[in-house]
Amino acid sequence: PLRGRVIAGGAPYIQDVVLTGLDRKEVGALIFTTPAVRSLTDLPSDAPLAQVLADRRVLQKFQSLATDLSLTATGSANRVTRLMLMAEPPSIDLGEVTDKGSINQRAVLKHRDLMGATNPKDAAPGTIRADFADSIDANAVHGSDSLENAAIEIAYVFPATDVYAR
């Protein structure tokens, strides 16, 4: 199966994969990495995972995986067109991890698809972008890829005096 091919092709750097694109034109993969991914960089061992995943050597490794998967695909149903390296692990609180420690694929897809596709014309009905966005530029919601990047982006857009704790 495709999920197994992605995990095997990315060993030892991939812990698990959630395939995306059900009823869509493309197949994607949400990649949850192992600690071994840190060995691809020369960053300090305590560097935030988002920084590790953004390192050019990590990106090159996973681009190579995407290329290899594409070359061995036999059709669009098993051709992964995009990989997303996940800086946030699956959430136990949201039911993304089962009692046995496996990833609940359906829960991951449900909770991580709430915003919808970047282009609201491609977003599924019921997602924020499908229901409220006008265009890619005015897409009603922004999602950071990690808590670290969210802090940077919030500081860039809003002065400290405009940010309040709930």
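The shown structure was predicted, so the numbers you read here are calculated from the model rather than taken from an experiment.
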[atom1]/[X] to [atom2]/[Y] distance, rounded to the nearest 0.5 angstrom?
{"X": "Phe62", "Y": "Leu40", "atom1": "CZ", "atom2": "CG", "answer": "7.0 Å"}
{"X": "Leu53", "Y": "Met86", "atom1": "CG", "atom2": "CE", "answer": "10.0 Å"}
{"X": "Ile31", "Y": "Arg82", "atom1": "CD1", "atom2": "CZ", "answer": "13.0 Å"}
{"X": "Asn104", "Y": "Lys110", "atom1": "CG", "atom2": "NZ", "answer": "10.0 Å"}
{"X": "Leu30", "Y": "Glu96", "atom1": "CG", "atom2": "CD", "answer": "9.5 Å"}
{"X": "Leu49", "Y": "Leu85", "atom1": "CG", "atom2": "CG", "answer": "9.0 Å"}

Selection residues 63-80 - residue pairs positive for side-chain hydrogen bond (donor to acceptor under 3.5 Å, both in side chains), sequence neighbours left out: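 Qualifying pairs: Arg5-Thr72, Gln63-Thr67, Thr74-Asn78.
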Pairs involving residues 6-20, ordered by first then second residue, that meet side-chain hydrogen bond (donor to acceptor under 3.5 Å, both in side chains) (sequence neighbours left out): Arg3-Asp16
Side-chain donor or acceptor of Thr81 paired with backbone N/O of Val27 under 3.5 Å: yes
Exam field: side chain Thr41 to backbone Val52, donor-acceptor pair closer than 3.5 Å: no
Over all heavy atoms of both residues, which pair between [X] and [Y] is shortest? Give the atoms and the distance, please.
{"X": "Ala77", "Y": "Leu2", "result": "O-CD2, 4.2 Å"}
{"X": "Pro12", "Y": "Ala36", "result": "O-CB, 3.7 Å"}
{"X": "Gln105", "Y": "Leu19", "result": "OE1-N, 3.8 Å"}
{"X": "Ala107", "Y": "Gly95", "result": "CB-O, 3.4 Å"}

